[in-house]
Structures are given as structure tokens and as C-alpha cells.
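One structure below.
All chains are named by letter (A, B, ...) in the order of the sequence lines, taking the proteins before the strands, and each is independently numbered beginning at 1. All heavy atoms count here, side chains included; hydrogens, waters and symmetry mates do not.
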Amino acid sequence: MRIVTFNVNSIRARMHLLPAWLDRARPDVLCLQELKCEAADFPMELFAQRGYHVALQGQKTYNGVAVASLTPLDDVRTGLPLAGDAEARGIAVRTAGLHIVNLYVVNGKAVGDPKYDHKLRWLDALVDWVARSCTPEEALVVCGDFNIAPTDDDTWDPAAWHGEVLCSEAERAPFRRLLDWGLHDAFRALYPTAFGRYAHTWWDYRGAGFPRGHGLRIDHHLVSASVLARAAAVEIDRDMRKSDKASDHAPVTLVLRGEGAAGG
DNA sequence: ATGGCCATCATGGATGGA
């Protein structure tokens, strides 16, 4: 089965691509970030017509997360990880025998910016929420746009990015706490020596970032041990990033053996 | 040396993104 994370950078601005992409990619579970719309404006029919069950937390202009699954959704929780947070950045569901947590992590703008401090607090709350609400013994997938490059080598220019936002030690510390708790970076576990443009998941719109390979690996599937044992591949859909009027992120697919139409 | 693009809301240009 295929579990996709995709920061669409406005779902309404991506409607010229999504129908054909859905029919080609056929995700069993699709985690979307940056919907940039309220729930009433979400294109529910796009998914309903293809047999998807959908849960989402919308928000005007900013953020917004959704999970679409070919199997029914149970135990839907929104507003993660900060209780009462007005920002739509986290949604968790149970579907297809998995506990799926879909995240749009705060960007942070720049080290030292108030938004960066907000990011660190948000990440602390996330780690606490995961420890409280999940267990590494279950079939758990924590995926999404983490806005964290796990190492300097997960950027196109390690020297330039060293210590910058998305790469700072204070951001990586909570990321590592998730790994220490019992999650595994699926891409890195499967491809321990894969670096460079074919490992990146986001490219800068500016300065022809994609053709020049100015990318980062910031969209991740963090999975528990039982899920990692089923992991066959992580695929980065660079063709989608090449499209006209594309998102600046590519869809990233975790392929699992078993329990799904596309399983192996 | 600096910014270089895109989406939103709104209808100009600020804000956010990464």
C-alpha cells in the first residue's frame, strides 16, 4: 500500500494537477498540508468520486491539513499538538490498520525570529503529544512537512545551510527525540547513502531552484519498527514538481508490503 | 551586495513560505 505526504501549497491552486495525479499515484492514504482554505472550500468531490474518506482541519489563507484514505477513518483528532491552537497544523486518524499523524510543522522564518521561537515551542508540544497519544509498539506513521532537514547533507548546500532555520540544532533536537522515542526516518533507513537532488522533497521557486537542484529533504515519514519492517520504498515524485504551476514540494510516497491493493 | 518566486487577500502591496 502507498502512503503519500504532499504539501500542496494551496489545494485550490493545484486543482489543474490533482485529478490526473490522483489517478496515476493512487495513494491508499494521502496526507495533505497547506490546504490554505476553510473546510467549506475543500474540493471534497475530487476525493469522494475516487472512493476516498476524508478528514480535515481547514483554515483561511494559511495552513490546513487533510487525510484521505480508501479505507474508513476512525478516531479523527484535529488541532494537534497544541490544544486549542487556532493553527491547523496537525491531524491524526486510524485507517488501514495504521495510526497516521499528518503534520505541517511551523516554518520558523529565521533563527531568532519570534516565529522560530514559536516553532520550537510547537515542536516541544508535538514530542509531548506523540509520547502521550501514541506508542512505538503500534503501526504508527508520523508524516508530513516537518520543515526540518535532519542533517546539513539533506540540503543542496550544506555549508550555506549550516545553522540556518530548518537546519539548526534546536530544531533537530526534537526531531531526534522522536527517533529516540522509537520512530525511524523511513527514507534514511532505506537509503542510508542517498543525498543530493534525488533525495530532496522541496525546491525553491526562486532562481530556477528545481532545475538547479536547490532543494531540501524536509518532508518525511517517521515510522514505528513494525511499519519499517514492511517498508519497500520511499518514492519522491519529481515529475509532479516539474509540472506547470506546481507546488514547491513534491509528493513523497512510502510503499508498504501487505494490507493494501498495491501491496507486495 | 541583493534578491531572484508563488499564493492569499484584494485590487496594492503586505505577509508567509523555506
Side-chain angles (χ1 to χ4, degrees), chain A residues 5-18 31-43 56-66 85-90 102-123 126 143-172 174-175 187 195-197 199-220 236 238 240-252:
Chain A
T5 178
F6 185 19
N7 180 324
V8 289
N9 185 16
S10 170
I11 193 159
R12 288 178 292 180
R14 238 44 76 193
M15 286 301 287
H16 64 296
L17 297 173
L18 285 172
C31 295
L32 297 166
Q33 305 91 33
E34 279 210 89
L35 304 176
K36 294 189 174 181
C37 69
E38 294 175 302
D41 295 320
F42 183 85
L56 72 119
Q57 183 183 9
Q59 184 182 331
K60 184 179 171 69
T61 309
Y62 302 117
N63 310 315
V65 284
D85 194 335
E87 295 189 330
R89 293 183 177 277
N102 175 26
L103 303 174
Y104 174 47
V105 175
V106 176
N107 172 287
K109 190 175 175 75
V111 174
D113 190 277
K115 291 185 174 67
Y116 177 81
D117 298 330
H118 173 49
K119 182 178 192 174
L120 298 184
R121 287 193 299 273
W122 193 97
L123 286 166
L126 173 67
C143 67
D145 176 1
F146 281 74
N147 273 319
I148 297 171
T151 73
D152 290 350
D153 288 329
D154 292 300
T155 75
W156 81 83
D157 188 339
W161 278 93
H162 180 75
E164 297 292 323
V165 71
L166 315 194
C167 291
S168 71
E169 178 55 32
E171 294 160 82
R172 288 175 179 159
F175 186 84
F187 180 91
F195 297 94
R197 65 182 64 200
H200 295 159
T201 65
W202 170 91
W203 295 264
D204 204 321
Y205 279 130
R206 296 166 296 182
F210 182 75
R212 295 171 68 183
H214 289 184
L216 306 171
R217 189 171 77 88
I218 55 176
D219 300 271
H220 308 297
I236 301 165
R238 294 168 50 86
M240 192 62 164
R241 181 63 180 80
K242 295 172 188 170
S243 305
D244 188 50
K245 289 286 177 185
S247 170
D248 44 357
H249 295 253
V252 183

Within 6.0 angstrom of A:H16 NE2, more than 12 heavy atoms from elsewhere: yes
Residues that A:N107 engages under side chain to side chain donor-acceptor pair (under 3.5 Å), provided they are two or more places apart: none
Are any of the side-chain heavy atoms of A:V252 and A:R217 separated by less than 4.5 Å? no
How far does the P atom of B:dC6 sit from the matching atom of B:dT2, given to the nearest Å? 23 Å
Quickly, which of A:N63, A:D145, A:N102 forms a side-chain hydrogen bond (donor to acceptor under 3.5 Å, both in side chains) with A:R89? Name it, please. A:N63
In the structure I gave you, are the side-chain heavy atoms of A:W156 and A:R197 within less than 4.5 Å of one another anywhere? no
Which heavy atom of A:N147 sits nearest a heavy atom of A:E171, and at what distance? O-OE1, 3.8 Å
Considering every strand and a 4.0 Å limit on heavy-atom distances, what is the contact class for A:Y104: base, sugar-phosphate, or nothing? sugar-phosphate
Pairwise C1' distance, B:dG16 and B:dA1 [rounded to whole Å]: 24 Å
Tell me what A:E164 touches on the nucleic acid: a base, only sugar-phosphate, or nothing, going by heavy atoms under 4.0 Å. nothing
Using a 4.0 Å heavy-atom cut-off across all strands, classify A:R241 as base, sugar-phosphate, or nothing. nothing
Just need the stems in DNA chain B: three or more back-to-back Watson-Crick or G-U pairs, each with both distances under 3.5 angstrom, sorted by first number. B:5-9 with B:13-17
CG-SG distance between A:L56 and A:C37, expressed to the nearest 0.5 angstrom: 7.5 Å
Nearest-nucleotide wise, let me know which of A:S10 and A:V105 is further upstream toward the 5' end of DNA chain B. A:S10
Which two nucleotides bound the region of DNA chain B that has atoms under 4.0 Å from heavy atoms of chain A, read 5' to 3'? B:dC5 to B:dA18
Starting at the 5' end of DNA chain B, which residue's closest nucleotide do you reach first, A:W202 or A:G207? A:G207
Categorize A:H249 for me: base, sugar-phosphate, or nothing, with a 4.0 angstrom heavy-atom threshold over every strand shown. sugar-phosphate
Atom C1', compared across B:dC5 and B:dA18: separation rounded to whole Å: 12 Å
Could you give the distance separating B:dA10 and B:dT15 at their C1' atoms, to the nearest angstrom? 13 Å
Euclidean distance, A:M15 CE relative to A:R12 CZ, rounded to 0.5 Å: 10.5 Å
How long is the straight-line distance from CG of A:L216 back to OG1 of A:T155, given to the nearest 0.5 Å? 6.5 Å
Touch check for A:N147, heavy atoms < 4.0 angstrom, all strands: base, sugar-phosphate only, or nothing? sugar-phosphate
Remember a base hit wins even if backbone is also touched, and classify A:D113 as base, sugar-phosphate or nothing at under 4.0 Å, heavy atoms. nothing
